[in-house]
Amino acid sequence: MDRSVLEGNPHSVIEGMIIAAKAIGADEGFVYVRTEYHLAVERMKNAIKKAEEIGVLGDNLFGSGFNFKLHVMEGAGAFVCGEETALIASVEGKRGMPKPKPPFPAQHGLYGKPTVINNVETLSTVPLIIRDGAKQYASIGVPTSTGTKTFAITGHVKNTGLIEVPFGTTLREILFDIAGGVTDDKGNVSEDAFKAVQIGGPSGACLTREHLDLPLDFDSLRKAGAMVGSGGLVVMNKTTCMVNVAKFFMQFTQNESCGKCVLCREGTKQMLMMLEDITEGRATEETIPLLEQLANAVRMGSLCALGKTAPNPVLSTLKYFRDEYDAHVKDKTCPSGTCSKLTKIYIDQDKCIGCTACARKCPVGAIKGAVKQKHSIDPKVCVKCGVCLQTCKFGAVKRG
């Protein structure tokens, strides 16, 4: 979302930063951009150069005596640098690691100077508020969350991409009106196919069918145990394994942990290992309570927001999809058939015509049967690679 603003309208960010600098008395600003966003970096630098050429940036702007210079800082793309003190450390050339607060950046920030840090989306909105007035802006959205919010929709929906909607728009409106509906495993749109949506990015939480009419604003999402966060919306249909989803996001946050505090560094690692045990059939009945206890400890004891929010996908899936966790641990089955270690591949005898296509493709020779005879799979030999599933044209090979 921020990248799209930097690529599509970098001057809005520049104008917002000039206004913010004038308001707080700053004479220097930095735009922190992930270095792999080449187009965003290029366009931001070009916009700054043009602004300097016409006198919008530089010394004595419009004869007012106000000076403001702007720089582009290319960051290494660490997720933890979304935390303001880690971002400051990165700009200063240090490793991006958060610091305890206070002092807050507004008191002691970049190079020891008072520093105000805002998101690209926020800064690009400032000129609109100044131009149209605060009352006009506040008339959009809901009283406790005014204005609009950009969301990035992906996953099992007909239309993916970026949308901008007023705060308070319901999840149902976004999924079924704007995104065109939730798709099933065959790509058909069906309201019944909807299972959950991950909101707020990797550190966000899951919302379920009971939240379809929930207005998406800061207070409503907070009460539901979720957050607006980065504005990411990952839509999932009924073929999705929620335990596997929690493991996916935990793997990301564990990799992105800077390692400064023990609870985040070691806690996320242990949580990931427990989730792997659950999805691979090694978990015991003690695993789930221990996972929940550790998740709460990591949330309470971590230094920065990365660690404090890292357990959100786990805690929210435990809250709304506890039965899936129980099925993995107690019954050693994955209800959605996603976790290969907990599923088996078999041949439906009623549909098999004995064409031998699957047997010829099997890399380990697990499929037995003569031409025009019913085939079968030896579960002791099968490695569950799924090649036979892709090969069979008659839907005889199934996972369950």
Side-chain angles (χ1 to χ4, degrees), residues 154-157 171 175 182 193-212 214 216 221-230 232-257 264 267-300 302 305-343:
T154 188
H156 298 131
V157 286
L171 187 60
L175 297 184
V182 179
F194 175 69
K195 185 172 187 178
V197 58
Q198 170 83 1
I199 184 169
S203 300
C206 285
L207 299 176
T208 63
R209 182 173 294 276
E210 66 183 80
H211 300 108
L212 280 174
L214 179 76
L216 300 189
L221 286 170
R222 192 178 299 113
K223 290 177 182 176
M227 62 180 182
V228 175
S230 61
L233 287 171
V234 182
V235 185
M236 294 163 277
N237 65 21
K238 290 183 178 179
T239 64
T240 306
C241 172
M242 300 311 296
V243 184
N244 202 50
V245 166
K247 184 178 75 171
F248 173 82
F249 286 114
M250 182 52 60
Q251 192 165 34
F252 176 84
T253 50
Q254 197 276 321
N255 287 337
E256 293 293 335
S257 171
C264 180
T268 54
K269 184 177 181 180
Q270 293 298 322
M271 288 171 66
L272 178 60
M273 290 173 66
M274 280 188 271
L275 287 167
E276 288 174 343
D277 286 344
I278 293 171
T279 57
E280 294 176 12
R282 297 188 298 268
T284 65
E285 291 192 11
E286 289 77 30
T287 303
I288 295 177
L290 184 59
L291 174 64
E292 195 166 15
Q293 182 182 3
L294 180 56
N296 283 310
V298 172
R299 182 174 64 176
M300 292 176 64
S302 294
L306 186 150
K308 289 182 181 298
T309 59
N312 284 350
V314 175
L315 291 171
S316 64
T317 51
L318 276 169
K319 180 179 179 180
Y320 297 116
F321 300 97
R322 188 69 171 242
D323 57 330
E324 288 198 26
Y325 280 86
D326 290 337
H328 281 72
V329 175
K330 297 177 182 178
D331 304 327
K332 302 300 180 186
T333 60
C334 175
S336 65
T338 302
C339 302
S340 61
K341 295 289 180 69
L342 298 180
T343 59

Step by step, work out the side-chain contact (heavy atoms from CB on, under 4.5 Å) result for T154 and V235. CA-CA 6 Å; T154 188; V235 185; over 6 Å; no
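- The side chain to side chain donor-acceptor pair (under 3.5 Å) check on T333 picks up nothing, with sequence neighbours excluded.
- Remark: S316 pairs with no residue by the side chain to side chain donor-acceptor pair (under 3.5 Å) rule, at least two apart or across chains.
- In this structure T208 satisfies the side-chain contact (heavy atoms from CB on, under 4.5 Å) test together with E210, H211, Y320, F321, sequence neighbours excluded.
- Between the CG atom of L294 and the CE atom of M273 there is a distance of 11.5 Å, given to the nearest 0.5 Å.
- From E276, atom CD reaches atom CG of L272 across 4.0 Å, with rounding to the nearest 0.5 Å.
- The two atoms that bring K308 and S302 nearest to each other are NZ-O, 3.0 Å, heavy atoms only.
- At least one side-chain heavy atom of L342 sits under 4.5 Å from a side-chain heavy atom of H328.
- The two atoms that bring C241 and S336 nearest to each other are CB-OG, 3.1 Å, heavy atoms only.
- In terms of heavy-atom proximity, C206 sits nearest to M242 at SG-CE, 3.7 Å.
- Taking every heavy atom of both residues into account, T343 and G337 meet most closely at CG2-CA, 3.4 Å.
- Counting heavy atoms from C-beta outward, Q254 and C264 have side chains that stay 4.5 Å or more apart.
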Hey, mind stepping through V197 and V234 against side-chain contact (heavy atoms from CB on, under 4.5 Å) and telling me if it holds? CA-CA 5 Å; V197 58; V234 182; 5.6 Å; no
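- Heavy atoms of other residues, nucleotides or ligands lying less than 6.0 angstrom from NZ of K332 number more than 12.
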Solution key, residues 246-253 side-chain donor-acceptor pairs under 3.5 Å, sequence neighbours excluded:
unit_1: K247; atom_1: NZ; unit_2: T279; atom_2: OG1; d: 3.3
unit_1: T253; atom_1: OG1; unit_2: F249; atom_2: O; d: 3.2
unit_1: T253; atom_1: OG1; unit_2: M250; atom_2: O; d: 3.2

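- Atoms CG and CD1, on L233 and I199 in that order, are 5.0 Å from each other to the nearest 0.5 Å.
- Sorted by first and then second residue, the pairs that involve residues 193-208 and meet salt bridge (Lys or Arg N to Asp or Glu O under 4.0 Å), not counting sequence neighbours, are K195-E324.
- Qualifying side-chain contact (heavy atoms from CB on, under 4.5 Å) partners for R322, counting only residues two or more places apart in sequence or in other chains: I288, E292, L318, D326.
- The CE atom of M271 sits 10.5 Å away from atom CG of L290, with the distance rounded to the nearest 0.5 Å.
- The minimum heavy-atom distance between G267 and V298, with the atom names listed, is CA-CG2, 3.8 Å.
- In this structure, L207 and L221 have side chains that are in contact, with non-hydrogen atoms separated by less than 4.5 Å.
- Nearest heavy-atom pair, P202 versus P313, reported as atom, atom and distance to 0.1 Å: O-CG, 3.3 Å.
- Scored by the side chain to side chain donor-acceptor pair (under 3.5 Å) test, T268 finds no partners at all (sequence neighbours excluded).
- Shown here are the side chain to side chain donor-acceptor pair (under 3.5 Å) partners of D277, two or more places apart in sequence or in another chain: R282.
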I would like to know whether L291 and V314 meet side-chain contact (heavy atoms from CB on, under 4.5 Å); could you show each step before the answer? CA-CA 9 Å; L291 174 64; V314 175; 3.9 Å; yes
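- Distance check, rounded to the nearest 0.5 Å: SG of C334 to CD1 of I278 gives 12.0 Å.
- Side-chain contact between V245 and T240 is present, with heavy atoms from C-beta onward closer than 4.5 Å.
- Here the CZ atom belonging to F194 is positioned 8.0 Å from the CE atom belonging to M236, to the nearest 0.5 angstrom.
- A donor-acceptor pair under 3.5 Å is absent between the side-chain atoms of R209 and the main chain of A196, judged by distance alone.
- Counting only N and O atoms by type, the side chains of T287 and Y325 include no donor and acceptor under 3.5 Å apart.
- Listed by chain and residue number, H156, D185, N237 satisfy the side-chain contact (heavy atoms from CB on, under 4.5 Å) test with T239 (two or more places apart in sequence, or in another chain).
- The side-chain contact (heavy atoms from CB on, under 4.5 Å) test applied to T309 returns S203, M227, N312, not counting sequence neighbours.
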